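Structure, as structure tokens:
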Amino acid sequence: MDRLVVTNLTKRYEKGKFALNRVSLTVPSSNGIFALIGRNGAGKTTLVRILATQLSPTSGSAHINGIDVVKEPEKLREIIACVPQEARAINWTTPKQFVYAYLLWRGYSFKEAAKRAVDSLKRLGIGGYMDTASRKLSGGTKRKVLVATVISSEAKIIFLDEPTTGLDPLSRNELWEKLAELKKDHFIFLTTHYLEEAEKLADRIAILENGKIMAQGTLDDLRKMVKYPYSITVLSQHKVQKPKNGEMIIGVDGHSQILTTEREAKEIARKLVGKGVKFSMNPISLDDIFYHIVRKPVEEEGNYDEEEWA
Amino acid sequence: MKRSGLSQFTASILANSVYALGNYPAMMVSMFLSPFSILIVTFFVSNGALLPVAITGGMIMVMTYSGMSLQTDLAHLKNDFRVQDMVVSSPLSAGMYLFGMAVSELVYAIPAIAVLGALAALYVHTSILGYVTLIAVFLAMFSFSTCLGFFISTFTTDIMESWAYTGIISTILSALPPVYYPITYIPMQFRIIAYLSPATYAAEIAQNAIGFLPLTQAELATNWLVLIIISVVIGYVAIKKSRWRE
């Protein structure tokens with residue numbers, strides 16, 4: 001049985017706008033991290049809220065561990081836990097009190113809840129803060145408290161909606177380390193717009209754009225969707241020409257990005273070095289794949305410069 | 001896994017009141033002050049004659065404020081901390097969450113209830129049936145206001161909006177109705193406005209129970225009927241129309 005099966009899931013709000021438009025997803029039965037990436041407003045939170053039984057879809061179906069998300073929410077809630085986007089531990093509680101209250105809400109006995117709360121906070125490496133008022137904690141520690149909260153229960157399917165947004169790089173890395181550890185015994189459905197996060201943590205990835213799934217699979221599967229294995233990013237405002245074999249994208253900052261073959265990448269690199277243009281060259285990353293999928297290449301928009309390389 | 005209803009009930013009380021009071025004890029004073037300030041004014045203005053009425057009125061207002069406080073607290077937890085979404089995605093029913101949260105509001109009201117109870121023991125003299133009637137009225141107002149508070153909280157998107165609703169409803173439930181004095185003090189042409197509030201029916205029943213306001217059996221039955229119907233309707237709306245799962 002697959003872990004997650006979403007079929008033609010659609011959410012249309014009152015004014016007719018589609019938040020999700022016939023979304024279909026399949027995630028095999030295994031622990032690990034499934035990352036849903038997409039821009040702000042792509043529909044990530046709507047999908048999480050539907051799967052976490054907080055929101056009803058307009059049409060379509062979704063099953064988690066074979067349980068119907070729409071028709072059997074009570075049954076599903078026994079095995080899931082969710083950290084919503086922008087969630088915070090209640091200001092006037094300590095982390096221990098917050099996790100304890102959450103476990104009591106889930107119906108644990110007082111004794112079991114107290115034990116699990118302490119164990120969970122220690123597992124996230126924040127045992128030293130368990131009696132500090134939540135309002136006094138750093139942003140990174142606050143997020144860890146929320147993760148500790150949901151993993152403290154028996155739920156093995158965890159939804160984390162943009163858990164690292166707004167964190168400094170160090171705090172983000174610390175949380176990534178914890179998530180990488182937690183995925184061994186949990187299935188984590190993670191949304192993010194940090195592509196690096198998905199690349200580092202996720203076993204499977206889906207790209208959501210304007211309410212539609214544009215691609216899904218392992219990182220290798222997604223790499224295969226892009227014809228060209230190398231990426232060159234021109235770091236200055238220097239205008240470059242479209243490659244013979246490849247695609248070029250002009251970023252919002254005016255920098256050019258070229259996806260091309262290994263041979264042509266080397267050739268372009270040699271010319272750029274000759275002109276003293278700063279650039280980077282790498283095998284394609286999730287960033288490149290994402291831009292390739294959600295943004296039209298320059299060729300299709302007819303917006304590239306005709307200047308010769310040399 | 002066998003889940004404990006007692007734990008689920010207690011969680012709301014801990015999270016919403018016990019832990020909060022540990023940090024902000026002024027909240028208990030706030031709940032205490034509102035009914036007492038009006039009670040004292042009523043006492044002075046009436047030279048003490050309306051003290052029993054004001055005591056029962058104060059108790060009605062404590063119950064009503066509890067419901068209105070529930071509205072803002074639920075909205076605060078839902079919109080500012082996203083706790084309601086975490087709770088929705090867990091094996092906890094909306095009813096159990098609401099029940100625990102409603103009782104948590106009474107924790108804030110403990111000092112007010114204790115002092116009003118002590119004053120009632122000294123100055124409100126009625127039969128056992130009268131005391132039972134008073135308790136029933138208080139519970140009806142508490143039930144009505146908590147259901148209304150829960151219903152509104154599921155629709156509000158910001159604490160500012162919640163405060164606005166609290167202001168509107170508090171006016172309807174406390175400023176308009178003759179809770180601290182008998183309705184006969186209101187000129188006849190304006191009484192219709194007072195009867196728009198369920199608190200008026202509750203106050204009339206309470207004032208009748210302590211022997212202050214004579215009512216015919218038909219008037220008493222009508223008051224109970226209106227109070228029960230309003231409470232049931234609001235309870236039904238809260239259960240059926242609240243946006244627990246959107």
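Source: prediction; values computed, not measured. In the text below, chain A, chain B and the rest are named by the order of the sequence lines, each starting its count at 1.
- Between chain B and the residues Val150(A), Leu76(A), Thr93(A), Asn91(A), the largest count of heavy-atom pairs under 4.5 Å involves Asn91(A).
- Electrostatic pairing of Asp119(A) and Lys115(A) counts as a salt bridge here, judged by a charged N lying under 4.0 Å from a carboxylate O.
- Of the atoms belonging to Phe9(B), not a single heavy atom falls under 4.5 Å from chain A.
- Of residues 83-96 of chain B, those residues lying under 4.5 Å from chain A by any heavy-atom pair are Val83(B), Asp85(B), Met86(B), Val87(B), Val88(B), Ser89(B), Ser90(B), Pro91(B), Leu92(B).
- No cation-pi contact links Arg116(A) to Tyr108(A), judged by a cut-off of 6.0 Å to the six-membered ring centre and 45° from its axis.
- Here the closest heavy-atom approach between residue Ala87(A) and residue Val83(A) is recorded as CB-CG1, 4.1 Å.
- With respect to the salt-bridge test (charged N to carboxylate O, under 4.0 angstrom), the residues Asp2(A) and Arg204(A) do not qualify.
- For the salt bridge (charged side-chain N to carboxylate O under 4.0 Å, His left out) with Glu162(A), the lone residue among Arg39(A), Lys44(A), Arg143(A), Arg172(A) that qualifies is Lys44(A).
- Interface residue Thr149(A): only side-chain heavy atoms are found under 4.5 Å from chain B.
- Using a 4.5 Å cut-off between heavy atoms, Tyr102(A) touches chain B through its side chain atoms alone.
- If you measure heavy-atom distances from Ile13(B) to chain A, you find no contacts under 4.5 Å at all.
- At distances below 3.5 Å, at least one donor-acceptor pair connects side-chain atoms of Asn79(B) with backbone N or O atoms of Ala75(B).
- The aromatic rings of Phe81(B) and His76(B) lie perpendicular to each other, with more than 60° between the two planes, well past the 30° mark.
- Contact tally against chain B (heavy-atom pairs below 4.5 Å) for Glu74(A), Glu78(A), Gln97(A): the top residue is Gln97(A).
- With a 4.5 angstrom heavy-atom cutoff, Ala52(A) touches chain B via backbone and side-chain atoms both.
- The aromatic rings of Tyr195(B) and Tyr201(B) sit tilted relative to each other, their planes meeting at an angle between 30° and 60°.
- Looking only at heavy-atom pairs under 4.5 Å with chain B, the residue among Ala155(A), Ala101(A), Ala113(A), Ser56(A) that has the most is Ser56(A).
- With respect to Arg3(B) and Glu154(A), a salt bridge is recorded, a charged nitrogen being found less than 4.0 Å from a carboxylate O.
- Nearest heavy atom pair, residue Arg106(A) against residue Ile79(A), reads NH2-N, 4.5 Å.
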